[in-house]
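Given the structure is predicted, the values throughout are model-derived calculations rather than measurements.
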Amino acid sequence: MPPSSTASAAQARWTQLLRHDRLHDTRGGRASHHPETGRSEFDADYGRLIFSSAFRRLQDKTQVFPLAKSDYTRTRLTHTLEVANVGRGLGKTFGKHLEQLGELPYHLTSDDVGTVVSVACLAHDIGNPPFGHSGEASIQEWAGRHAASLRSHLSEAEFQDVARFEGNAQSFRIMARLWDRGRLGGARLTLASYGALLKYPQGSGHAVVKADCARKKFNYMQADAPLAEQVRQDLGLTSQEQGRFARHPLVYLMEAADDICYRVVDLEDAEEAGLISRGHLAEMLRPMLPDYLSKLSAKELQERSISELRAQAIGDLMRAATEVAKSHLEELREGTFPHALIDALAEQQPELFAAFEGLGAAAKSEVYTDERVLQVEYAGFKVIGGLLDELMNALPVDLGASDKLSASGEKLLKLFPPKYLQVRSDTDFCRQVSGAKAADAVRLLTPYERVLAMTDYVSGMTDSYALNLHRTLTGVRLP
């Protein structure tokens, strides 16, 4: 039976939303799948990420417990892999639903939808600085301390990029610009993958609206606004005002995968670390468990492995999030649904939502306030803020054409990796910077670009590298 006109229109819309051609690609005419291997362009995105150095660095970046000694405790890398697995499952189920409705483009499969979501999941934390969310806060605090100097040399929107520094925006910057500094499009992922990554599709100059899931933060720096706009245009995402546009529908699935994983597994790590008891965690997970587990006595439930309870809870939350997505399909397709899928459970499954919120409350009161976590997070403020203070000597925002760097600034600049000065996707500019002496290269950058060079460098560090470099530059430990 041929699809209805409504289904045909929806299928055409999904064809645009799931474009497999690449951002600023010069080849063009790519087939969605390789004719011999069957490998899709989305599979190629997945491979690019997995084999990248930026992805590998996540193995030494904090999830909850910074610089943890136990190999059981999750890092950003293991968290990201778990999120990608959950995201793939959500995407495949959602893709199967589109297929049953006759809306999935004929050249794609439900597996392809799952791969796009998993790619976005792999990239979602790749821009996070060292020491978890306190790393973002430390960069923001540094900008506040230097607000007078920064504001006098940057536009207000440029200043907000660093004053509200956001790991999500840095993730897009890495994937769309810094991956390959000399060419437009950076990693040149498929357009669908970039769309699924833009969780907060607006720049730092736009107001925060906590009630709208797409406006709680921002997802691109001012320098990268043209790249975000290119993604918007190519995917046909609705412009809502200058520099702000509708979400891609698969963002909701990526967001749900992250919400589900960190809320459940942060507490699993906390139980292993002795911050909460096994019995307490088991009881918090009880409302998310199937009957054969939820009907057990407290003693019997406590005797089951936490990994079994965690897996069942995640599965239940995935099923619930999928039902929300199905019931709001048209709003998701147009990016107008104002709630995260998990938050929408408050109306559709209030008991499950209450249990999920209970996990978050327990994490805030019993895990994130633990002395061990707070001590290292505080040290992270000193490390990241201290590194940026030192780098200001080598990359001063107020450096004039005839000004000279200080003696210490010149020495530090010689230690600064030259590639971080290549802040523009311009082959000639990158060649000019790489061929110049360090002090001359700095003058080729605008004040805003010098700030970006510093935050690009520091945010890309691992926890251990940042700590060791800070000790070296401040003379605490000599190499």
**Q.** From CA spacing to verdict: side chain to side chain contact (heavy atoms under 4.5 Å, CB included), W142, V162
**A.** CA-CA 9 Å; W142 172 83; V162 63; 3.9 Å; yes

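- Remark: K199 NZ to C213 SG distance equals 9.5 Å, nearest 0.5 Å.
- Side chains of E82 and H79: a donor-acceptor N/O pair is absent below 3.5 angstrom, by distance only.
- Taking 4.5 Å as the limit, every side-chain heavy atom of E103 sits out of range of all side-chain heavy atoms of H97.
- Counting all heavy atoms, side chain and backbone alike, I126 lies closest to I174 at O-CD1, 3.5 Å.
- The shortest distance between side-chain heavy atoms of Y252 and R247 falls below 4.5 Å.
- With hydrogens and angles disregarded, no donor-acceptor distance shorter than 3.5 Å links the side chain of N393 to the backbone of G409.
- Distance CG/D426 to CZ/R181: 14.0 Å, rounded to 0.5 Å.
- Counting heavy atoms from C-beta on, the side chains of D463 and P130 come closer than 4.5 Å.
- Taking each heavy atom of N219 and P201 in turn, the nearest pair found is CB-N, 4.4 Å.
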Q.
Checking Q222 against S204 for the side chain to side chain donor-acceptor pair (under 3.5 Å) test, could you report, in this order, the C-alpha distance in whole Å, the side-chain angles of both residues, the deciding distance, and whether it holds?
A. CA-CA 7 Å; Q222 299 305 311; S204 61; 3.2 Å; yes

Q) Where do R22 and L191 land on the side chain to side chain contact (heavy atoms under 4.5 Å, CB included) test, with the steps shown first? A) CA-CA 5 Å; R22 299 183 175 279; L191 290 162; over 6 Å; no

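- A donor-acceptor pair is defined here as one N or O able to donate and one able to accept, closer than 3.5 Å; such a pair exists between the side chain of E158 and the backbone of S155.
- No side-chain heavy atom of F42 sits less than 4.5 Å from a side-chain heavy atom of L189.
- Between F337 and H339, the angle of the ring planes goes over 60°, which puts this pair in the perpendicular group of the 30/60° scheme.
- Annotation: H146 is not in aromatic contact with H153 [ring centroid separation under 6.0 Å not met].
- Of the N and O atoms on the side chains of S32 and E41, not one donor lies less than 3.5 Å from an acceptor on the other residue.
- The CZ atom of F429 sits 8.0 Å away from the CD atom of Q422 when rounded to the nearest 0.5 Å.
- A donor-acceptor pair is defined here as one N or O able to donate and one able to accept, closer than 3.5 Å; no such pair exists between the side chain of H124 and the backbone of M254.
- With contacts defined as side-chain heavy-atom distances shorter than 4.5 Å, the pair V442/L399 qualifies.
- With no hydrogens or angles considered, a side-chain donor-acceptor pair links D161 and Y448 at under 3.5 Å.
- A heavy-atom distance below 4.5 Å is not found between the side chains of S118 and N85.
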Q: In sequence, state the C-alpha distance, the side-chain angles, and the governing distance for I260 and M318, and then conclude on side chain to side chain contact (heavy atoms under 4.5 Å, CB included).
A: CA-CA 8 Å; I260 290 169; M318 289 175 67; 4.2 Å; yes

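- Heavy atoms only, all atoms of each residue included: G91 and L253 are closest at CA-CD1, 4.0 Å.
- Side chain of R232 to backbone of L237: a donor-acceptor contact under 3.5 angstrom is found.
- Between D403 and R443 no salt bridge is recorded (no basic side-chain N to carboxylate O distance below 4.0 Å).
- Around atom CD of E156, more than 12 heavy atoms belonging to other residues, nucleotides or ligands sit under 6.0 Å away.
- Between K404 and E410, no side-chain nitrogen of the basic residue sits less than 4.0 Å from a carboxylate oxygen of the acidic one, so the salt-bridge criterion is not met.
- At a cut-off of 3.5 Å, with distance as the only test, a side-chain donor of T190 or D45 sits close to an acceptor on the other residue.
- A distance-only check finds no donor-acceptor pair linking the side chain of R173 to the backbone of Y220 [under 3.5 Å].
- Counted by atom type alone, S327 and Q348 present one or more donor-acceptor pairs between their side chains at under 3.5 Å.
- Expressed to the nearest 0.5 Å, how far CD of E241 lies from CD of Q202 amounts to 7.5 Å.
- Here CG of L98 is found 8.5 Å from CZ of R333. Values are rounded to the nearest 0.5 Å.
- The side-chain heavy atoms of L317 and V86, taken from C-beta on, include no pair separated by under 4.5 Å.
- In this structure, Y457 and Y420 have tilted ring planes: the angle between them lies in the 30° to 60° band.
- L90 and A256 make their closest contact through CD1-CB, 4.1 Å (heavy atoms, listed as atom of the first residue, atom of the second, distance).
- A salt bridge between R30 and D21 is absent, with no side-chain N of the basic residue lying under 4.0 Å from a carboxylate O of the acidic one.
- Within 6.0 Å of atom NZ in K326, more than 12 heavy atoms from other residues, nucleotides or ligands are found, so the atom counts as buried in its surroundings.
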Q: Start with the C-alpha gap between D440 and K437, add the side-chain angles, then the distance that decides, and say whether salt bridge (charged side-chain N to carboxylate O under 4.0 Å, His left out) holds.
A: CA-CA 5 Å; D440 295 331; K437 293 181 179 179; 5.8 Å; no

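- Residues R164 and Q160 bring no donor and acceptor atom of their side chains to less than 3.5 Å of each other.
- No donor-acceptor distance shorter than 3.5 angstrom exists from the side chain of R188 to the backbone of A176, with no hydrogens or angles considered.
- The backbone N or O of S40 sits less than 3.5 Å from a side-chain atom of D43, completing a donor-acceptor pair.
- Taking 4.5 Å as the limit, every side-chain heavy atom of L104 sits out of range of all side-chain heavy atoms of D112.
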**Q.** side chain to side chain contact (heavy atoms under 4.5 Å, CB included) between H33 and L108, intermediate numbers included
**A.** CA-CA 9 Å; H33 296 75; L108 299 178; 4.2 Å; yes

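- The main-chain N or O of G460 is found under 3.5 Å from a side-chain atom of R57 such that the two form a donor-acceptor pair.
- In this structure, L198 CG and Y194 OH are separated by 10.0 Å, a value rounded to the nearest 0.5 Å.
- Residues C121 and A84 share a closest heavy-atom pair of CB-CA, 3.5 Å.
- Seen from the ring of F356, R263 counts as a face-on cation partner, given the 6.0 Å and 45° thresholds.
- Q432 and D428 share no side-chain donor-acceptor pair at under 3.5 Å.
- Side chain to side chain, Q16 and R19 fail the donor-acceptor criterion of an N or O pair below 3.5 Å.
- Counting only distance, with no hydrogens or angles, the side chain of E377 and the backbone of L374 share no donor-acceptor pair below 3.5 Å.
- Here the closest heavy-atom approach between residue S138 and residue G135 is recorded as OG-O, 2.7 Å.
- Remark: side-chain polar atoms of R450 are paired, donor with acceptor, to backbone N or O of L445 under 3.5 angstrom.
- Between the side chains of S425 and R177, at least one donor-acceptor pair of N or O atoms lies under 3.5 Å.
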Q.
Applying side chain to side chain donor-acceptor pair (under 3.5 Å) to D125 and T80, what does each step give before you reach the verdict?
A. CA-CA 7 Å; D125 269 354; T80 296; 4.5 Å; no

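- The residue from T455, N128, D456 that alone fulfils the side-chain hydrogen bond (donor to acceptor under 3.5 Å, both in side chains) condition with Q170 is D456.
- Side-chain atoms of T115 and R88 include a donor-acceptor pair closer than 3.5 Å.
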